[in-house]
Number of protein chains: 2
Amino acid sequence: MRTLTRKGAATRQRILEGAAAHIREHGVAGMTLDDVLARTATSKSQLFHYFPDGREELLLAVARFEADRVLEDQRPQLGDLTSWPAWRSWRDKVVDRYRRQGRLCPLNSVTSQLGSRTPGAQAVVTELMHRWQAEIATGVRHMQEAGEIDPGLDPDRAAAALLAGIQGGVLIQMSTGETDHLEAALDMGIAHLRASRLAPS
Amino acid sequence: MRTLTRKGAATRQRILEGAAAHIREHGVAGMTLDDVLARTATSKSQLFHYFPDGREELLLAVARFEADRVLEDQRPQLGDLTSWPAWRSWRDKVVDRYRRQGRLCPLNSVTSQLGSRTPGAQAVVTELMHRWQAEIATGVRHMQEAGEIDPGLDPDRAAAALLAGIQGGVLIQMSTGETDHLEAALDMGIAHLRASRLAPS
DNA sequence: GCTAGTATGGACTAGCGAGTCCAGTCTGGG
DNA sequence: CCCAGACTGGACTCGCTAGTCCATACTAGC
């Protein structure tokens, strides 16, 4: 696997995306290597050729793949939180994204499977959270500069709280199937930011 | 298993608690039936005697066991959210509980393992969330009656948002090991309630 | 202290699924 | 056109683990 030909890269990608798709449908526990092979019309030797450490390496690759999608799916809104309508638009996009995704969260599934053993999975999630939080915080700072949010409010902490609300909303959705909590958390978080200018907390 | 003698009930309980303990330490994926047997000094036949459906039934029982603990661990504060210091005290208790628990969340672990297959696991979590949210909402109503929270605010929705923040904070803690997000979410949620009287959102 | 039902021990099975291996095919640079 | 190295097919091993089975030991009510 030192060098990949075009054909090889394509096969590797096919396996990766096939695994990701299967996990989105059946969860990690419901994914066997043979499932992926059948679905992607590949063979054992190919899988182990491109992912020498087997299942674990594949799962980690899927985690990275899914983590990248998360922020991308929020663009361009996430990077442009410069007005209240923009915040609203972002909020709607987040809700919509997770409503579409349904009850299974690939990332949560993967990380809770790989668990604490491998540092890799945790690292992927941690980095995702940091980047996500940073982008929200940037939005908060924009609004502070525009005089729309109390300048005394800590942008990182506000972003942390908002992010936690999103995560929890999605988590609850996985059990209930409803996005009520996600929406409530986002709305309350944003409402708090808007209100801060009037009544600093 | 129609009737249990005292001895039988004790054995069943030992198995259940042993499984719960093992899961808290190693996660569901890291739990095999033999692990539980070794740990609880019981035999296969006993396990299947008390949990005829085997692993799945045991896991479900553990889920119920853990779900019960969650709310109990927040008492008496959770049931007495009648003043701002009481809210603060509850907030501290929640943070402390999850800080102690560390990076592994048994419930999340179990449900994401049992996954969507069995309706049981989802039901356990859903019911826990409902009860939790209801208790928070009751606290909000108390404060509204005391004139400490804007009466125009929807208590259930506020409780939903706060609950989502908690869940997300805990989820993030599972990756990062830090309770920062949990604390930020709780603090922001409560701050928003307090501020609502001054500046209704 | 009899006996019906409960509790327990532990060997055994069966099947799944990850990972190995080797033999054969393709590809691209020289 | 040649050959080193990338790519592919698929049979095979092997460990692990859930679940079964039967023989035995206990217990409680009568």
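Note that the structure is a prediction, hence the values are computed from the model and not measured. The basis for the numbers below is simple: all heavy atoms, side chains too, and nothing from hydrogens, waters or symmetry mates. Letters A, B, ... are given to chains in the order of the sequence lines, protein chains preceding strands, and every chain is numbered from 1.
Each of B/G8 and A/M31 was matched to the nucleotide of DNA chain C holding its nearest heavy atom; the match closer to the 5' end belongs to B/G8.
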Protein-to-nucleotide contact annotation, 5' to 3' order, nucleotides 21-30 of chain C [B base; S sugar-phosphate only; - none; under 4.0 Å, heavy atom]: B----SS---

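Look at CG on A/L37: it is 11 Å from P on D/dG10, rounded to the nearest Å. Here the P atom of nucleotide C/dT20 and the CG atom of A/L33 are 11 Å apart, to the nearest Å. A/D34 places its CG atom 7 Å from the P atom of C/dA18, with the value rounded to the nearest Å. One can place CD of B/E56 at 12 Å from P of D/dA18, the figure rounded to the nearest angstrom. The separation between B/I15 atom CD1 and C/dA7 atom C1' is 11 Å, rounded to whole Å. In this structure, B/H49 places its NE2 atom 12 Å from P of C/dG9, rounding to the nearest Å. B/L47 places its CG atom 15 Å from the P atom of D/dT17, with the value rounded to the nearest Å. In this structure, B/R14 atom CZ and C/dA7 atom P are separated by 12 Å, rounded to whole Å.
Minimum atom distance to the side chain of B/S43 is reached by C/dG9, of the listed D/dA6, C/dG9, D/dA18.
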Residue pair A/R69, A/E72: steps toward the salt bridge (charged side-chain N to carboxylate O under 4.0 Å, His left out) verdict: CA-CA 5 Å; A/R69 285 171 50 114; A/E72 290 315 309; over 6 Å; no

Steps toward salt bridge (charged side-chain N to carboxylate O under 4.0 Å, His left out) verdict (B/E135, B/R131): CA-CA 6 Å; B/E135 299 222 32; B/R131 286 199 294 157; over 6 Å; no

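The side chain of B/Y50 contributes no N or O atom lying less than 4.0 Å from OP1 or OP2 of C/dT6. Distances shown here put every side-chain N or O of B/Q46 at or beyond 4.0 Å from the OP1 or OP2 atom of C/dA7. At least one side-chain nitrogen or oxygen of B/T11 sits closer than 4.0 Å to the OP1 or OP2 atom of C/dT8. The side chain of A/T32 places an N or O atom within less than 4.0 Å of a non-bridging phosphate oxygen (OP1 or OP2) of C/dA18.
Judged as a ring-ring contact (aromatic ring centres under 6.0 Å, His included), and not counting sequence neighbours, the contacts of A/H22 are A/H26.
The pair A/R75-A/D80 fails the salt-bridge criterion, with no side-chain N (NZ, NE, NH1 or NH2) lying under 4.0 Å from an Asp/Glu carboxylate O. Between A/D68 and A/R64, none of the side-chain N atoms (NZ, or NE/NH1/NH2) sits under 4.0 Å from a carboxylate O, so this pair counts as no salt bridge.
Between A/W87 and A/W84, the ring planes lie tilted relative to each other; the angle falls in the 30° to 60° range.
You'll find the side chain of B/S175 stays beyond 4.5 Å of the side chain of A/M129, heavy atoms only.
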